[in-house]
Each structure stands twice: as C-alpha cells, then as structure tokens.
Undergrad: 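First, the structure itself, so that you have it in front of you.
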Amino acid sequence: MSSSEGFNLRGQAAIVGVGELAPARYTEGETILGIQARASRLAVEDAGLEFQDIDGVLVQPSPGVPMLAPSTFAEYLGLSVTFAEHVDLGGAAGAGMVWRAAAAIATGMCTTCLCVTGRPRERADLAVNPWGLDLTAEAEFDVPYGAVGTNWGYACIANRYAHEFGLSDVQRATVAVKQRDNACMNPDAIFYGKPITVEDVLSSPMIVDPLRQLEIVMPTGGAAALVVTSAQRAKALRERPAYLLGAGEACTHKTLTYAPDITHSIVHAAADAAFSMAGVSRSQIGLASIYDCYTITALITLEDAGFCKKGQAGEFVVDHDLGFAGDFPMNTHGGQLSYGQSYLAGGMSHVTEAARQLHGAAGARQVADLDLAFVNGNGGVMSEQVSLVLGIEP
Amino acid sequence: VNEQYWAGAAAGVLRLQRCARCGSHQFYPRPLCISCGAEDVVWVDTCGRGVVHTFTIVRKSGTPAVVGDAPFVVAIVELEEGPRLTTNVRTDRVDDVYIGMPVTACFDVKRGERTYPIFVPEHPAADDKR
C-alpha cells in the first residue's frame, strides 16, 4: 500500500542515461563485475557525465560476490559514493532501483546514482551453482517434488487462469508472436530478424503444460545500467529526461505455493500506487513496458495493472496492435521473450526501453509523441512487483 | 520445528500446525502463527485429503522429482484443513489430472532418510466419467 503520509517522489528525479550490452546466447571472457562496468560506462556516457559525477550506486546481488556487493562494485569502478546499496528483487530489481535511486536523491543522500544489473553467461559456468547453501522452505518442501526454477510455477498459474477465466493456446501464443514482431525492429534483440507465427509457437515442444518452448524466456548474457539524477540536473543534461512520476511496490510470497491467490497477482497494488502517485490514468500511457518471462506473465500483468478487465487479457492482445506504431505499444524492444534475458538485466530492459523511448532515442522503433510510459518489474513467480510511471515532464 | 512434519510423514500421517489461539492451520512450519502471531502452535494429524488447486505436467526438466524423471505432475494441493502445499500427483495417466481432482496423501516414497508425502487420485476409476 502506498502511504499518503510523508513526501512525494513525483518528479524529484529522472533517468538521464541508458547503457546496455546486447544479449548474447553465450559470452566469452567476461567477468560479472567487468560486464557490469562496461554497461555502466555506456550509461554514464549516454548521460553526458563522467564517473566522477556518480555519487550513488545500486547493484544487484551477484553470484560470486557473497557480501558487500555495493562497495565491491564501487571499488571496481573507482567510484567515491555517498550512497551504496544492493537491490534484491529478482527480475523487479531494475525497476526497484529506479525509485530507490530517486528516494536517495530526494532525501539528499546522493545527487546522481548509477543502477546496474547483468551477468555473463559462459558455457563452462552453467553447471555450477554459485549461490551456495539454500535453507529456505522452498528448498525443503517444494524442490524435492521437481518444483525447481520458475517454469512449473508459471505453468500452474496458466492452468488455473484458464480454469477460472478461459484462455486459449492461441491467445497466449499471440503474445509471443507480436513481441517477436517488435524484436524484428530491434537489432540488439537475440531474435532480431526471426519472425514467428502462432503455428510456430503451438508446434514448439511442450515443456510444462500448457507452456511451450516459444512461450518461455531464453537466458542470455549481457548487462544494463541507468543513471538517475535530480530533476534539476536532468533538465540540463537532456532535452527529454525520463522523470519518475510514480512508483509502487508489493510482495506477499516468494514461492507460488504460498501465494495468497494464484491468478490475482499483487501487480494491482504496485500499479495502483504508481498511478496514484503520478496522478496519471491508464488511458494516458503511450507505452507499456511490462515483464514477460512467460506469455502468461505479460497477460496477467496487463490486466492486474488495469489496462484491461480481469479475465480479458487474452482478447486484449489479439485485438490490439502492440507495435511501436500500434494502438497499444507494448514491449517495443521485443520483450524479454524475444530480446533475451541477461539475468536481472532482463527485467532492467523494460526500464531501459521505456527511458530510451521517452528520451526520443529509440531510432526506427520510436513511438511517436510519447510522453508517458508504464514499467512493471516482476521477481520470482509473480512474487516481487514494482511498477513505475515515467514521463518527460516533472 | 520442521522435524514433527517429517516424523509424521515417516509414520504415514500428514501433519500441520494449528494455532491454539485462533485455530488457523498453516503450512510450512513456523515457530509462530502467521494469522495472529501467537507462539502457541501445536501439531495436529490431518486426514491427508485435498483437491488439486492447480498443476502442471513437467515434460522436460533436468531435475527429477521424488516420484521419478519427467514427465511428472507437480500440483499445488489445497488440503481439507485449508493450507496448500506443492507435491507430486502420482498416476499412470498424467493427462487425466484436472483442477478440482480429489487426491489423498500417500507415504511410500523415500529419498535418503526422508519420506516425502505425495498424492494419488482419490477415485482412480472415476476418471473415466470425465
């Protein structure tokens, strides 16, 4: 729940720089801090700044960096900072970093904050679990039943959703197809130049009923970073900064087993808070940049964020043009399903795309006359939710 | 706090925690009641029956379940007492599992020292009526 007490983050800070390394199926010779540093340099450059201008850092939990991750990263880049924190929200980390950076700036803890996500994906590393001991309930009570990773959970959501509201295979497949069309406008997307049809999706191998291979995100290696600075500085740095107008966050569970409701996600709480803070209505949004690790994720997010009625997301994606020039531009970079998921930089890609579009820097896929965008980040199995409303005026 | 659960499974009974103050059941075990906060939670034996709240058939997975390699059914079962848990529904006909299917706990699956409760359809013959 958002609070009406305390100060308001609306318009206090803006994203002024975006740096992103294109997703690669496998990376070679990259280290986790190295790949994050490269994305960071691009973001700082894009903002027209130098590393010396950065006085805040937000980093992800990184395999191989068991503690003191923020200072490890600051040291690696030679930064001298007054605010350093790590953001552990899974796929929602990127979106979660944006409002945390804005809050640190608004409270005077720093002036310009670097937010960074991503990791390499080396062939040789894939068999190793770098995270160590797992003493959670999930490890004890869920994993022995083959409830490993996230495939099973999203499949369980899809089956229950179809049971309660009705949802066809074709409706789910449509999400994958339309986002692939979007990826074909983005040379950095892993599936650039490879359009697919509904038939392709339906004939791809069944992995976890009812989800097929082309409905499941592909892991890649890569990194993404942002620079967030005060509204005052932002105006001097870019013509069209992406101001943070509203933010909301919600969480009730990690493992789907213990979710209060399988089909009604807490996206609604995060989104309501973000729209309420921004003072903006759903119909004013010109770009929806929403987390899509699976087709069902995007569908549930669309309706729980309030862009269509509950139970109608399947019809919504069939009835609307989701392209950059369409009547409902959504995931114009291709979504993670077609752009690639470079660990937590996958979730960050929804923020970078929204910022890039608002900056007017999206090139051939630029959404015309865009002034407001909605971002949703999702961690775990509809577990951590972060919603943002971004706009070009503070 | 979890040992009572596993000891129950080894003895062929599914146990849950019940709050002595507010009466709520909960899974998984905790040292206090997540409904009212009371630390007075006691272990109770359940009837081991529930219904499939949702499920998936895992066709491809690098990790086997306690019931074996893929394909297997992972289900979230809602117990008669209220809590849900994730488990396997063991059946020769994975395609016949459905949401709302009555299932009952079974305790013949061991991995290492531990007995893992799984579920089987309560009325295997009734499947034909669907």
Undergrad: Taking all non-hydrogen atoms of both residues into account, name the closest pair between B:T56 and A:V208 and its distance.
TA: OG1-C, 3.4 Å
Undergrad: Is there a side-chain contact between B:P83 and A:Y258 (heavy atoms, below 4.5 Å)?
TA: no
Undergrad: If you count heavy atoms of other groups shown closer than 6.0 angstrom to CD of A:E28, is the number above 12?
TA: no
Undergrad: Locate the shortest heavy-atom distance separating A:R160 from B:H53; write the atom from each residue and the value.
TA: NH1-O, 2.8 Å
Undergrad: Below 4.5 Å from any heavy atom of chain B, which atoms of A:A259 appear? Answer side chain, backbone, both or neither.
TA: backbone
Undergrad: What's the shortest heavy-atom distance between A:N159 and B:F55, and which atoms?
TA: ND2-O, 2.7 Å
Undergrad: Distance from B:T86 atom OG1 to A:E138 atom CD, nearest 0.5 Å?
TA: 9.0 Å
Undergrad: Can the ring centroids of A:Y145 and B:F72 be said to lie less than 6.0 angstrom from one another?
TA: no
Undergrad: Would you mind checking which part of B:V67 comes under 4.5 Å of any heavy atom in chain A, side chain (CB onward), backbone (N, CA, C, O), both or neither?
TA: neither
Undergrad: Could you have a look at A:V148, A:T255, A:I157 and say which one has the most heavy-atom pairs with chain B under 4.5 angstrom?
TA: A:V148
Undergrad: So which residue, B:T63, B:V58, B:V66, B:N88, ends up with the most heavy-atom pairs under 4.5 Å with chain A?
TA: B:N88
Undergrad: Which residue out of B:I99, B:V77, B:V74 racks up the most heavy-atom pairs below 4.5 Å with chain A?
TA: B:I99
Undergrad: With a 4.5 Å limit on heavy-atom distance, are the side chains of B:W6 and A:E140 in contact?
TA: yes
Undergrad: Just verifying a value: how many Å separate A:D142 CG and B:T87 OG1, rounded to the nearest 0.5 Å?
TA: 10.0 Å
Undergrad: May I ask you to test the A:T136-B:Y28 pair for a side-chain heavy-atom distance under 4.5 Å?
TA: no
Undergrad: Go through the atoms of B:Y5 and report whether side chain, backbone, both or neither lie under 4.5 Å from a heavy atom of chain A.
TA: side chain
Undergrad: Heavy-atom cut-off 4.5 Å, strictly under: side chain, backbone, both or neither for B:R30 against chain A?
TA: neither
Undergrad: Measure the shortest side-chain to side-chain distance between B:I76 and A:L256 over non-hydrogen atoms and say whether it is less than 4.5 angstrom.
TA: yes
Undergrad: Counting C-beta onward and ignoring hydrogens, is there a side-chain heavy-atom pair between B:T54 and A:H163 closer than 4.5 Å?
TA: no
Undergrad: Is A:K310 atom NZ crowded by more than 12 heavy atoms from other residues, nucleotides or ligands, each under 6.0 Å away?
TA: yes
Undergrad: Does a side-chain heavy-atom distance below 4.5 Å link A:F141 with B:L85?
TA: no
Undergrad: Is the shortest heavy-atom distance from the side chain of B:K60 to the side chain of A:P205 under 4.5 Å?
TA: yes
Undergrad: Is any side-chain heavy atom of A:I262 closer than 4.5 Å to a side-chain heavy atom of B:R84?
TA: yes
